[in-house]
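Below: one structure, written as structure tokens.
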Number of protein chains: 2
Amino acid sequence: MKKKAKINDTPVCQVRMQAISDTMSILSGKWKFHILGTLIEGNKLGFMDLMREIDGIGSKMLSKELQDLELNHLVSRTVLDTKPITVEYAITEYGATLSPLINELAKWGIEYRQSVHG
Amino acid sequence: MKKKAKINDTPVCQVRMQAISDTMSILSGKWKFHILGTLIEGNKLGFMDLMREIDGIGSKMLSKELQDLELNHLVSRTVLDTKPITVEYAITEYGATLSPLINELAKWGIEYRQSVHG
DNA sequence: GGAAGTGCTTTCCTGTAGGAAACTACCTTA
DNA sequence: TAAGGTAGTTTCCTACAGGAAAGCACTTCC
């Protein structure tokens, strides 16, 4: 008898797996969570503000990641008509729905550290 | 006045950012969530079972990812002294603590799909 | 004795993520 | 008019992730 059994072949599993892939794809890369976390804390920051806040990021990556996040409506970009032109980045209402997820990630990571050391 | 301001420079932010990086690093790669999800559903599966369950994964990646997960104590590996030698992979008690996180990921992804289409 | 199943490892190859540095362009202040 | 701040883009380079395919060792079924 040849095994073909599929635990994962139920619709509910397929949907969940796909959903996890979607989420991870949207939040992929080294910097997305740093940017989102900073914008959630900071509320309205310029490009250079973000460069200063996020240690180690380069302008190319910041620019690219912000574009990704904007495309997915997680971050808004507003050009202000100030003396030297400035740009305001902020979390959108929709981006803010990531807070519970970010909290779970942080919570698990903190507990992981404690279980490894403590 | 030169800006050096650092929202992220508070200890609590540093710890949270580090924790998120830790978590993402442990769960990095294309297959970790699929493997963990399958093991949570399936409870005790052999290597070939996992290959059948996880659509598209190759033996090299499955082997490598399982080793990673075992190193981090999220998955257990037990060699059974059966007629043809078999290996049992299972979620550890510690690995099971990822369930809330996985649920958040799935939940957000499902809501994302609905917001894009719906 | 050959096919097929278990559980991997090894080799080879490719695409992409991401870093460093330079460059653009425009404005303000000294 | 040079320095410094705004907000990026472009180019070049490298390392790592991950896929395909083959091989290995051992066993049982037909």
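In what follows, every chain begins at residue 1, and chains take the letters A, B, ... in the order their sequences are listed.
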Q: Measure from the side-chain N and O atoms of A:E88 to the backbone N and O of A:G46, and report whether any donor-acceptor pair falls under 3.5 Å.
A: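 No; judged by distance alone, with no hydrogens or angles, the pair does not exist.
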**Q.** Heavy-atom donor-acceptor pair, A:N8 side chain to A:C13 backbone, under 3.5 Å
**A.** no
Q: First locate atom CD of B:E41, then atom CE of A:M17, and finally report the distance between them rounded to the nearest 0.5 Å.
A: 7.5 Å
How is [X] classified with respect to the nucleic acid when contacts are heavy atoms under 4.0 Å: base, sugar-phosphate, or nothing?
X: B:S59; value: base
X: B:K30; value: sugar-phosphate
X: A:G56; value: nothing
X: B:E88; value: nothing

Q | Distance-only polar pair, side chains of B:D49 and B:Y89, donor-acceptor under 3.5 Å | A | no
Q) Does any donor-acceptor pair link the side chain of B:K60 with the base of D:dG19 at a separation under 3.5 Å? A)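 Indeed there is one.
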I want to check one thing: is the phosphate of [N], taken as OP1 and OP2, less than 4.0 Å away from some side-chain N or O of [X]?
X: B:R52; N: C:dG7; value: no
X: B:S63; N: C:dT9; value: yes
X: B:Q67; N: C:dC8; value: no
X: B:Y89; N: C:dT6; value: no

